[in-house]
Amino acid sequence: MVFPERKMPGVCWVFLLLLLFAHICDGFYLPGSYMHTYSTKDTIFAKVNSLTSIETELPFSYYSLPYCKPLGGVKKSAENLGELLMGDQIDNSPYRFRMNVNESLYLCTTSPLNEHEVKLLKQRTRGLYQVNMILDNLPVMRIAKQNGVNIQWTGFPVGYSPPNSNDDYIINHLKFKVLVHEYEGSGVEIIGTGEDGMAVFPKADKKKASGFEIVGFEVVPCSVKYDPKAMTKLHMYDKVSSVNCPLGLGKSQLIREQERISFTYEVEFVKSDIRWPSRWDAYLKMEGARVHWFSILNSLMVITFLAGIVFVIFLRTVRRDLTRYEELDKEAQAQMNEELSGWKLVVGDVFREPDCPKLLCVMIGDGVQIMGMAAVTIVFAAFGFMSPASRGMLLTGMIILYLFLGIVAGYVAVRLWRTLKGTSEGWRSVSWSVACFFPGIVFVILTVLNFILWGSKSTGAIPISLYFVLLSLWFCISVPLTLIGGFIGTRAEAIQYPVRTNQIPREIPARKYPSWLLVLGAGTLPFGTLFIELFFILSSIWLGRFYYVFGFLLIVLLLLITVCAEVSVVLTYMHLCVEDWRWWWKAFFASGSVSLYVFLYSINYLVFDLQSLSGPVSAILYLGYSMIMAIAIMLSTGTIGFITSFYFVHYLFSSVKID
């Protein structure tokens with residue numbers, strides 16, 4: 001029996017694709033959408049991340065120091081691509097918590113410290129290294145008082161060095177305070193994913209969902225001198241007496257050879273009114289909101305000023321000239337053609353092929369790819385799809401977006417190549433160059449930095465296996481998609497120029513000052529739009545702070561795109577008015593020159609705001625990553641300026657009827 005074929009509605013296909021996407025996406029997290037509830041006396045183990053320092057920016061493994069290890073041995077947690085690239089190394093730890101059980105416990109006593117261990121501990125202490133611990137996906141927070149003001153830090157120091165002293169003391173006792181919120185199933189279905197995978201609590205199972213949620217994780221670190229003979233008689237998780245922190249230097253544990261260090265900790269559970277969706281608020285407190293708004297208002301003033309100039313160009317100058325020109329009869333037009341001045345004189349040269357056309361196409365293609373990646377990532381982050389709870393997700397998402405946007409980059413570059421050359425010949429070379437230009441630069445810089453990190457034995461070094469993964473993603477996904485995009489570009493219709501190009505190029509009049517000065521100066525306006533937000537971004541990267549004001553960043557991105565477009569149009573028109581028809585590269589660098597100011601500002605930030613950063617290795621790492629950022633900004637902002645100027649020039653000369 002043959003059944004008639006029924007076509008599946010489009011909505012069903014979309015639903016199936018969404019289900020498939022949800023199935024393959026592991027680690028996606030929306031703040032407040034997934035929670036883990038615990039019953040009283042449930043056991044929870046904390047995890048430890050890499051040791052980090054704002055002074056060296058070289059992360060190291062937690063177990064590179066003589067800390068206590070778990071009974072079952074050290075086991076690494078599964079890490080995504082972004083975490084590996086950021087140098088995160090998350091391991092299990094012996095720190096055990098039992099829900100709502102307040103206790104003070106012994107962990108272990110080390111063997112006598114040898115010279116190498118003492119040297120390492122002293123280096124990490126004086127390098128201001130922090131221990132980063134995680135409980136239920138929340139990083140531990142330490143509250144310190146400076147000048148009577150409470151300052152929040154994530155992590156706690158390896159040790160401390162008293163001023164005017166050569167002695168160093170290790171932090172070997174931790175007083176944890178775990179904030180818990182009692183959750184009673186509300187009958188609302190909770191669907192989401194978190195660090196431990198998929199969680200679904202249907203309405204019928206609301207009793208199972210009841211329990212306690214961890215909504216805060218704080219620590220008070222201190223150093224305690226124990227009697228090693230008495231402590232070695234204890235076993236892990238035996239109870240010990242509580243400690244009142246802080247203690248005097250005479251009662252603190254000194255770091256020196258042959259010392260045996262005992263590690264202990266206390267746990268106190270405190271009920272809190274903080275609800276699950278708000279548990280990250282303490283980490284994401286938006287400081288300097290007024291500064292953000294000041295930056296945005298400042299940018300709006302710049303945009304209004306530039307928009308006024310563009311308005312004058314279009315309505316007063318261009319429109320007036322074109323209207324007057326079109327009202328003349330043919331004889332008057334012919335007479336006027338002989339008396340033309342300004343931009344109308346370069347009508348036969350304005351679309352002449354620029355210098356290095358292939359490089360221009362490649363840079364425009366890469367710029368489209370980078371800008372698309374940045375825009376989509378910031379939009380998703382602004383709407384809450386990139387939670388800080390999902391470490392590395394932001395970087396992973398950016399890499400995946402960049403890979404798949406290769407098809408757009410190939411299409412744009414090859415279509416521009418066809419427009420410039422009038423033929424598709426050589427499109428494969430252009431596509432290959434697009435796929436290899438920016439990734440190649442990044443790969444070379446990262447390789448040099450990686451050798452430095454390898455030499456320092458830092459966990460920030462990219463493993464060889466990850467190198468092969470990145471190369472596979474590059475050549476197995478990005479390159480083929482870019483070639484496919486290029487092939488589609490050969491089938492797309494080339495953009496037709498509105499006027500013919502003369503065979504003999506017109507001589508450009510001499511100028512009193514070089515045009516590149518104007519191009520470089522134009523970059524100050526886009527830089528004025530983003531430099532305040534740039535300060536917050538650099539602080540989050542290099543000072544270990546959370547950056548989560550993506551709403552502001554989205555507004556700044558829109559303002560930046562607008563300013564880049566306006567600056568490039570104004571500068572292009574100014575060059576055409578002085579009979580300079582070589583506008584292609586000038587339009588690109590008019591907005592792309594903002595990257596020079598970004599790099600100079602990064603150096604300024606290194607000298608004046610990162611004074612704690614020490615050593616040539618740290619400075620080289622900082623400058624290397626800043627160089628990658630500056631190149632990406634140049635390609636993306638330059639592309640915005642060029643595309644806007646191209647369509648401006650096309651529109652301008654499409655109304656001219658000069659034969």
Side-chain angles (χ1 to χ4, degrees), residues 295-310 313 354-356 359-360 362-364 366-368 370-371 374-375 438 441 511 513-538 553 555-578 580 582-608 623 625-649:
S295 169
I296 290 168
L297 289 174
N298 172 61
S299 303
L300 284 172
M301 291 176 64
V302 173
I303 285 176
T304 305
F305 172 72
L306 289 172
I309 296 176
V310 175
I313 290 173
D355 297 330
C356 307
L359 179 61
L360 179 63
V362 169
M363 293 175 78
I364 296 300
D366 277 331
V368 169
I370 295 167
M371 179 51 69
F438 179 68
I441 293 173
R511 304 185 65 175
Y513 53 88
S515 59
W516 59 265
L517 280 177
L518 194 60
V519 171
L520 286 179
T524 56
L525 293 172
F527 178 72
T529 304
L530 62 82
F531 85 95
I532 292 179
E533 210 61 38
L534 186 64
F535 170 80
F536 287 100
I537 293 171
L538 290 175
L553 188 59
I555 296 172
V556 169
L557 177 67
L558 295 174
L559 296 176
L560 177 66
I561 291 171
T562 307
V563 172
C564 287
E566 292 178 344
V567 161
S568 189
V569 165
V570 171
L571 203 76
T572 300
Y573 183 75
M574 290 174 64
H575 279 97
L576 293 177
C577 283
V578 294
D580 187 352
R582 294 176 301 186
W583 60 272
W584 306 82
W585 282 106
K586 293 183 178 71
F588 181 89
F589 285 112
S591 52
S593 60
V594 65
S595 61
L596 174 64
Y597 299 99
V598 168
F599 188 70
L600 291 175
Y601 180 79
S602 300
I603 296 174
N604 172 79
Y605 186 84
L606 171 65
V607 174
F608 295 104
L623 292 174
Y625 292 127
S626 298
M627 179 68 73
I628 293 173
M629 179 179 67
I631 293 171
I633 290 174
M634 179 194 70
L635 292 172
S636 53
T637 54
T639 297
I640 294 165
F642 174 82
I643 292 175
T644 310
S645 292
F646 179 84
Y647 282 103
F648 165 73
V649 172

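Reckoned from all heavy atoms, side chains included, excluding hydrogens, waters and symmetry mates. Since this is a predicted model, take the numbers as computed values, not measurements.
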Nearest-0.5 Å distance that lies between atom [atom1] in [X] and atom [atom2] in [Y]:
X: Ile603; Y: Leu623; atom1: CD1; atom2: CG; answer: 6.0 Å
X: Ile370; Y: Leu635; atom1: CD1; atom2: CG; answer: 4.5 Å
X: Tyr597; Y: Asn604; atom1: OH; atom2: CG; answer: 14.5 Å
X: Leu571; Y: Ser593; atom1: CG; atom2: OG; answer: 8.5 Å
X: Leu520; Y: Leu596; atom1: CG; atom2: CG; answer: 6.5 Å
X: Ser645; Y: Ile640; atom1: OG; atom2: CD1; answer: 11.5 Å

Notebook entry, point to check: Would you say Met629 has more than 12 foreign heavy atoms packed within less than 6.0 Å of its CE?
Noted result: yes
Next item on the list: Take Ile537 and Leu553 through the side chain to side chain contact (heavy atoms under 4.5 Å, CB included) test and state the conclusion after the steps.
Entry: CA-CA 10 Å; Ile537 293 171; Leu553 188 59; 3.9 Å; yes
Does any part of the side chain of [Y], heavy atoms only, come nearer than 4.5 Å to the side chain of [X], both counted from C-beta?
X: Thr562; Y: Thr529; value: no
X: Met371; Y: Leu557; value: yes
X: Val563; Y: Val594; value: no
X: Met574; Y: Leu518; value: yes
X: Tyr605; Y: Leu534; value: no
X: Ile633; Y: Phe527; value: no
X: Lys586; Y: Trp516; value: no

Item checked: Phe531 and Val598: CA distance, side-chain angles, deciding distance, side chain to side chain contact (heavy atoms under 4.5 Å, CB included) verdict -> CA-CA 8 Å; Phe531 85 95; Val598 168; over 6 Å; no
Check: Is the backbone N or O of Asp355 less than 3.5 Å from a side-chain atom of Trp585, with the two atoms forming a donor-acceptor pair by type?
Finding: yes
For a quick test of reading the model, state the closest non-hydrogen atom pair linking [X] to [Y] and the distance between them.
X: Phe588; Y: Met634; result: CZ-O, 3.9 Å
X: Ala587; Y: Thr572; result: CB-OG1, 3.6 Å
X: Pro354; Y: Leu360; result: CG-CD2, 4.0 Å
X: Thr644; Y: Ala565; result: OG1-CB, 3.5 Å
X: Gly592; Y: Ser595; result: O-OG, 2.9 Å

Item checked: Mutual orientation of the aromatic rings belonging to Phe646 and Trp584 [parallel < 30°, tilted 30-60°, perpendicular > 60°] -> tilted
Notebook entry, point to check: Once the angle between the rings of Phe648 and Tyr573 is folded into 0 to 90°, is it parallel (under 30°), tilted (30 to 60°) or perpendicular (over 60°)?
Noted result: perpendicular
Check: Any side-chain donor paired with an acceptor under 3.5 Å for Ser568 and Ser591?
Finding: no
Next item on the list: Quickly, which of Ile364, Val362, Val368 forms a side chain to side chain contact (heavy atoms under 4.5 Å, CB included) with Asp366? Name it, please.
Entry: Val362
